[in-house]
Amino acid sequence: MSKGNDGVPSGWIQTPLADVVDVLDRYRIPVSAKERSQRAGNVPYFGASGQVGWIDEAIFDEDLTLLGEDGVQFFDQTKKKAYLISGKSWVNNHAHVLRARSEILDWRYLCHYLNVFNYEGYANGTTRLKLTKAAMLGIPVLLPPLGEQVRIVEALEEQLSRLDSAEMALKRNSARVKRLVPRVMTQILADAGGEELRLDQLAEVRLGRQRSPKNHQGENMVPYLRAANVGWQGLLLDDVKEMNFSGKETERYRLRDGDIVLSEASGSPGEVGKPAIWRGEIENCCFQNTLIRVRPTGIDPEFLLLYLRCLALRGDFRAGARGVGIHHLGAAKLASWPVPVPSQEKQKEAVEKIQSFLDLIDATSPAFSSKGDVAKRATALRTALLRKAFNGTLVPQDPADEPASELLARIKSGQEAAAASKNPRTGGTRTGGPRKPAKTAQAADDRPPAPAPTAAPTIAVQQEFEL
């Protein structure tokens with residue numbers, strides 16, 4: 001791959017986006033959700049990063065590239081900023097509407113390019129980044145010959161589709177593991193058997209102390225746990241707050257080794273009842289009323305912890321929670337919950353089996369995690385593919401391709417001549433508005449040469465990633 005003095009691959013050109021697209025922003029119309037609810041239809045309604053609803057009629061009916069104007073994470077290379085739409089559509093004012101000039105630019109190539117472009121210096125804003133039309137039109141586009149653009153897109157989409165399939169498989173496996181855990185726990189607990197008793201027959205159940213502004217300071221500031229300190233894998237003690245407790249309150253709400261604390265309330269119903277066990281990690285620590293303390297007296301604390309975790313994972317607490325916006329479990333409801341009580345020997349046996357199973361899940365779950373090594377490898381491969389696509393090394397060049405600089409110059413010359421003949425006084429014409437893709441065949445002399453078949457890319461995903 002030879003490159004010129006400017007580092008651009010041979011046959012490529014760097015040109016402003018304004019030279020290769022028509023901007024149709026003036027035809028966008030924002031419509032409120034309330035109005036759209038009164039205009040039900042089957043036309044997709046698009047915003048900054050994708051479809052946000054439906055409407056009854058279309059503004060556009062063609063192949064277009066949409067690029068977020070605001071509400072997009074421009075500086076996160078893993079997030080999409082542009083996407084393709086085709087056919088009847090309506091676009092609001094949060095996305096720029098671009099029609100690629102098909103004689104010089106493949107619209108799919110444009111979309112990929114805009115998704116990897118570095119928007120530093122182009123998107124600006126303090127609280128909400130915005131890409132103005134003027135800044136957007138100045139974006140430098142690395143433009144290969146048209147035939148090479150098509151070959152790049154075909155190679156990219158073949159490889160990226162493999163990565164997409166692999167990432168979807170990871171998500172499916174992660175979801176399966178998540179569903180498997182409560183099922184296995186339920187079976188082990190069921191095998192242990194035992195008579196069912198109310199929880200308050202086996203433990204003291206108490207709601208925590210209410211937080212009040214008057215207790216933000218005082219003579220007896222004590223650390224306390226709240227719902228944010230309880231995670232699915234145990235306690236989260238990086239951010240433990242303090243408030244003033246009287247002597248009697250300290251005695252009533254102090255945590256002891258073996259106490260179990262559960263989330264009493266949460267904005268997410270699936271988080272209600274999430275339990276963790278206290279092992280004296282912080283001296284003289286109390287708890288707030290977003291938690292319920294369960295102090296076992298007639299049952300093994302570890303067995304009870306796993307049983308309560310099973311209920312939470314299975315969704316039993318979610319089904320029993322009440323409230324709108326903030327979902328509450330309630331100490332009284334929890335106190336009446338039935339708990340199977342097997343023999344001490346069976347309790348210990350169930351704890352050992354469940355813990356062994358959870359240890360196995362913990363050892364394998366990083367492979368399925370969105371932040372695990374496999375996911376990181378997939379992200380790295382995606383980045384490598386896109387980098388190769390836009391530095392000219394993903395597919396071989398074809399010497400028969402007309403260089404992009406010559407094609408662009410020829411097209412500009414023809415456009416200027418046509419514009420001058422149509423409007424000799426101003427020397428220009430107005431860009432056409434929304435339309436359907438042209439159906440008429442091009443004249444043989446004007447038709448660009450058919451792109452060559454896609455050669456095998458110089459990088460294959462399967463060499464790096466077992467699919």
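For the single chain, residues carry numbers from 1 onward in sequence order. Here the structure is a predicted model, which is why all the values come from computation and not from measurement.
Pairs engaging residues 126-142 under the salt bridge (charged side-chain N to carboxylate O under 4.0 Å, His left out) rule: Glu69-Lys130, Asp70-Arg128 [sequence neighbours left out].
A side-chain N or O of Asp359 and one of Gln355 form a donor-acceptor pair less than 3.5 Å apart.
Side-chain atoms of Arg108 never come within 3.5 Å of backbone atoms of Val153 as a donor-acceptor pair (strictly under, hydrogens ignored). A donor-acceptor pair under 3.5 Å is absent between the side-chain atoms of Asp25 and the main chain of His96, judged by distance alone. Looking only at distances, no side-chain donor or acceptor of His327 sits under 3.5 Å from a matching main-chain atom of Gly320. A distance-only check finds no donor-acceptor pair linking the side chain of Tyr45 to the backbone of Pro30 [under 3.5 Å]. The main-chain N or O of Val43 is never found under 3.5 Å from a side-chain atom of Trp90 such that the two would form a donor-acceptor pair. A side-chain donor-acceptor contact under 3.5 Å links Asn229 to the backbone of Leu236. A distance-only check finds no donor-acceptor pair linking the side chain of Asp56 to the backbone of Asn42 [under 3.5 Å]. In this structure, the side chain of Arg101 engages the main chain of Asp19 through a donor-acceptor pair within 3.5 Å. Distance alone, capped at 3.5 Å, is enough to place a donor-acceptor pair between the Gln149 side chain and the Asp106 backbone. Put simply, the side chain of Arg28 gets close to the backbone of Ala95: a donor and an acceptor are under 3.5 Å apart.
Looking at every heavy atom in both residues, Ile260 comes nearest to Pro301 through CD1-O, 3.5 Å. Taking every heavy atom of both residues into account, Phe317 and Val272 meet most closely at CB-O, 3.5 Å. When all heavy atoms of Leu146 and Ser102 are compared, the closest pair comes out as CD2-O, 3.7 Å. Between Leu105 and Val20, the shortest heavy-atom contact is CD2-O, 3.6 Å. The shortest heavy-atom contact between Ala276 and Gly234 is CB-C, 4.0 Å. In this structure, Ala265 and Ala227 approach most closely via the heavy-atom pair O-CB, 4.2 Å.
Sparse packing is recorded around CD of Glu283, with 12 or fewer heavy atoms of other residues, nucleotides or ligands lying under 6.0 Å away. The neighbour count for Arg279 CZ, taken as heavy atoms of other residues, nucleotides or ligands under 6.0 Å away, is above 12.
When each of Leu308, Leu304, Leu305, Leu235 is checked for a side chain to side chain contact (heavy atoms under 4.5 Å, CB included) with Ile277, only Leu305 meets the rule.
At least one cation-pi condition fails for Arg226 and Phe287: the charged atom is not both under 6.0 angstrom from the six-membered ring centre and inside a 45 degree cone around its axis.
Of the inter-residue distances, the one linking Arg36 atom CZ with Ile55 atom CD1 reads 7.0 Å to the nearest 0.5 angstrom. To the nearest 0.5 Å, the span separating SG on Cys310 from CD1 on Ile354 amounts to 7.0 Å. Rounding to the nearest 0.5 Å places CZ of Arg99 at 11.5 Å from OG1 of Thr65. Note that NZ of Lys274 and OG of Ser263 are 5.0 Å apart. Values are rounded to the nearest 0.5 Å. The OH atom of Tyr113 lies 8.0 Å from the CD1 atom of Ile139; values are rounded to the nearest 0.5 Å. To the nearest 0.5 Å, atom CD1 of residue Ile13 and atom CG of residue Leu142 are 10.5 Å apart.
Salt bridge annotation for Arg382-Asp164: present, with a cationic side-chain nitrogen under 4.0 angstrom from a carboxylate oxygen. Checked for salt-bridge contact, Glu35 and Arg39 meet the test: a charged N lies under 4.0 Å from a carboxylate O. In summary, Arg151 and Glu157 do not engage in a salt bridge, as defined by a charged side-chain N under 4.0 Å from a carboxylate O.
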*Begin with the C-alpha distance, continue with both residues' side-chain angles, and end with the deciding distance and a verdict on ring pair (Phe, Tyr, Trp, His ring centres under 6.0 Å) for Phe117 and Tyr122.*
CA-CA 10 Å; Phe117 180 73; Tyr122 291 87; 5.2 Å; yes

*Where do Asp76 and Lys81 land on the salt bridge (charged side-chain N to carboxylate O under 4.0 Å, His left out) test, with the steps shown first?*
CA-CA 9 Å; Asp76 186 340; Lys81 297 90 181 171; over 6 Å; no

*Between Arg318 and Asp316, is a salt bridge (charged side-chain N to carboxylate O under 4.0 Å, His left out) present by the stated rule, with each step listed?*
CA-CA 5 Å; Arg318 176 177 54 213; Asp316 292 32; over 6 Å; no

*Step by step, work out the side-chain hydrogen bond (donor to acceptor under 3.5 Å, both in side chains) result for Asp191 and Gln187.*
CA-CA 6 Å; Asp191 290 344; Gln187 187 59 55; 2.9 Å; yes

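With sequence neighbours excluded, the residues satisfying side chain to side chain donor-acceptor pair (under 3.5 Å) with Asp259 are Arg295. Contacts of Tyr109 classified as ring-ring contact (aromatic ring centres under 6.0 Å, His included), with partners at least two apart in sequence or in another chain: Phe390.
At least one side-chain heavy atom of Tyr307 sits less than 4.5 Å from a side-chain heavy atom of Leu189.
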